[in-house]
Amino acid sequence: MKTVFLKMGAEKTMNAEYIKNAGDCLKQGGLVAFPTETVYGLGADALNEKAAEKIYAAKGRPSDNPLIVHIAELSALEKIVQDFPEKARKLSKDFWPGPLTMVLNKKEIVPKSTTGGLETVAVRMPNHPLALEVIKAAGGYVAAPSANTSGRPSPTRACHVLEDMDGKIDMIMDGGEVGIGIESTIVDMSVEPPMILRPGYITEEMLENSIGEVLMDPALMFMTEEKAPKAPGMKYKHYAPKGEMKIVEGSRQSVVAVINNFVTNELENHKKVGIIATDETYTCYPKGLVKSIGSRSDDKTIARNLYAVLREFDEAGVESIYSESFEEASMGQAIMNRLLKAAGHNVIDAEQAELGGIL
Ligand code: AMP
Ligand code: MG
């Protein structure tokens with residue numbers, strides 16, 4: 001298949017003809033990647049069973065991992081969900097369009113291929129003008145997971161989509177770099193109290209300020225691999241770079257010392273090593289390929305750079321990656337959730353390592 005690459009212009013200029021082409025392609029059951037404010041999505045008509053199935057094939061995605069249905073207008077909900085609880089309505093007022101996905105009871109019309117066999121459907125209204133236009137042009141319901149090969153870091157630029165999807169999908173719409181850089185917060189509104197299934201840009205505190213108590217899926221709090229999370233997709237290894245990745249936790253001083261020690265050892269073994277540092281620590285690492293993912297005082301930048309940095313390490317052929325830890329940021333839960341998955345939960349306690357446990 002030849003993948004058509006459409007450049008929309010740096011200022012996200014709307015190109016009516018391109019949007020119509022994308023909409024027609026989706027209506028005919030094709031696959032179109034487009035930017036949203038979180039990451040690039042791989043779109044298919046959510047109400048067309050065969051089209052949704054194609055997404056799993058293109059991504060190599062396990063078939064029990066449901067897709068998020070993207071809508072452009074609130075009135076579109078009626079056709080696909082059984083009920084829209086008062087709290088869900090309040091969240092939609094406060095956060096839509098935006099990086100919040102709500103799980104609701106589905107109507108018959110939503111095919112099982114879209115929901116991975118579940119009786120609920122995940123719905124989101126993205127806050128990106130191009131995405132909204134494409135959804136409207138496609139008839140209003142676009143299933144769109146991240147436009148990467150399953151397991152790889154999610155795409156935050158059109159070139160990342162091209163890397164993974166060239167020849168596998170009909171069209172890529174290049175709308176420049178995305179704004180947020182990590183996937184939406186998912187909250188299950190089919191249970192009471194509502195439950196966060198995936199942390200994201202919209203934090204637990206923001207949700208509670210809007211609707212009162214929300215619970216956190218216990219599998220997320222412990223952040224171990226053992227407990228099965230409630231969002232089926234959260235159990236899979238995700239976002240992973242090709243190199244083996246480890247996260248080093250502890251005081252800043254210990255983390256830097258321990259990472260530098262590991263890097264020295266790896267270099268002695270002729271390994272290519274990468275370090276995920278911050279603006280504050282960038283100069284503390286004399287050896288290895290060092291990349292800052294932003295300042296600790298600006299967790300939004302850290303979130304935006306995360307996946308691109310992991311892909312840059314892949315391109316450089318890095319075999320071993322050491323990352324600092326980011327728990328304390330307000331988006332820390334979301335950032336750490338992605339980092340832990342990328343590292344396969346491989347975490348080193350810097351203080352213990354310094355005491356001679358590992359080094
Ligand atoms: P992605 O589209 O790649 O961001 O992944 C979508 C995420 O939403 C996966 O982790 C899915 O497991 C989760 N998800 C989608 N639909 C549902 C649902 N009905 N119930 C629970 N989780 C869902
Ligand atoms: Mg994904």
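Start at 1 and go down the list; that is how both ligands and their atoms are numbered. Below, each value reflects all heavy atoms present in this structure, side chains not excepted, and no hydrogens, waters or symmetry copies.
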| field | Sum of protein N, O or S atoms, each under 2.8 Å from the Mg ion (ligand 2) | value | 1

Pairs of donor and acceptor atoms involving the side chains of residues 49-56, under 3.5 Å and at least two apart or interchain, shall be tabulated with distances.
| unit_1 | atom_1 | unit_2 | atom_2 | d |
| --- | --- | --- | --- | --- |
| Lys54 | NZ | Gly29 | O | 2.7 |
| Tyr56 | OH | Asn65 | O | 3.3 |
| Tyr56 | OH | Ser113 | O | 2.6 |

| query | Just which atoms of ligand 1 are under 4.0 Å from any heavy atom in Leu118? | reply | 18 (C), 19 (N), 20 (N)

| task | Starting from atom 12 (O) of ligand 1, locate the nearest protein heavy atom and write down its residue, its atom name and how far away it is, to 0.1 Å. | result | Gly233 N, 2.6 Å

| So is Thr115 close enough to ligand 1, meaning a heavy atom under 4.0 angstrom away? | no

| said: Can you check which of Ile186, Leu197, Leu42, Ile182 brings a heavy atom nearest to atom 13 (C) of ligand 1? | reply: Ile186

| message | So for Arg61, does at least one of its heavy atoms come nearer than 4.0 angstrom to any atom of ligand 1? | response | yes

| Per atom 11 (C) of ligand 1, closest listed option by heavy atom (Ile68, Asn65, Asp64) | Asn65

| message | Under 4.0 Å from a heavy atom of Ser146: which atoms of ligand 1 are those, numbered in the order shown and with their elements? | response | 2 (O), 3 (O)

| query | Which protein non-hydrogen atom lies closest to atom 17 (C) of ligand 1, naming both residue and atom, and how far is it? | reply | Pro66 CG, 3.4 Å

| query | Is Arg311 salt-bridged to Asp164, cutoff N-O under 4.0 Å? | reply | yes

| query | Salt bridge between Lys291 and Glu312, side-chain N to carboxylate O under 4.0 Å? | reply | yes

| Ring geometry between Tyr239 and Tyr307 (parallel below 30°, tilted from 30 to 60°, perpendicular above 60°) | tilted

| field | Lys/Arg-Asp/Glu bridge criterion (N-O < 4.0 Å) met for Glu17, Lys20 | value | no

| request: Identify, with sequence neighbours excluded, every residue that meets ring-ring contact (aromatic ring centres under 6.0 Å, His included) alongside Tyr141. | output: none

| message | So for ligand 1, is Thr120 a polar contact partner (N or O within less than 3.5 Å, distance only)? | response | yes

| Residue list, ring-ring contact (aromatic ring centres under 6.0 Å, His included) with Tyr322, at least two apart or on another chain | Phe262

| Between Glu192 and Lys87, is there a side-chain N and carboxylate O pair less than 4.0 Å apart? | yes

| query | Should the pair Glu315-Lys242 be classified as a salt bridge under the 4.0 Å nitrogen-to-oxygen rule? | reply | no

| message | Please tell me whether Ser295 and Glu280 have a donor and an acceptor in their side chains that are separated by less than 3.5 angstrom. | response | yes

| message | For atom 4 (O) of ligand 1, what's the nearest protein heavy-atom neighbour? Residue, atom name and distance, please. | response | Arg198 NH1, 2.9 Å

| Ionic contact status for Lys107 with Glu78, cut-off 4.0 Å | no

| note | In this structure, atom 2 (O) of ligand 1 is nearest to the protein heavy atom Pro145 CA, 3.0 Å

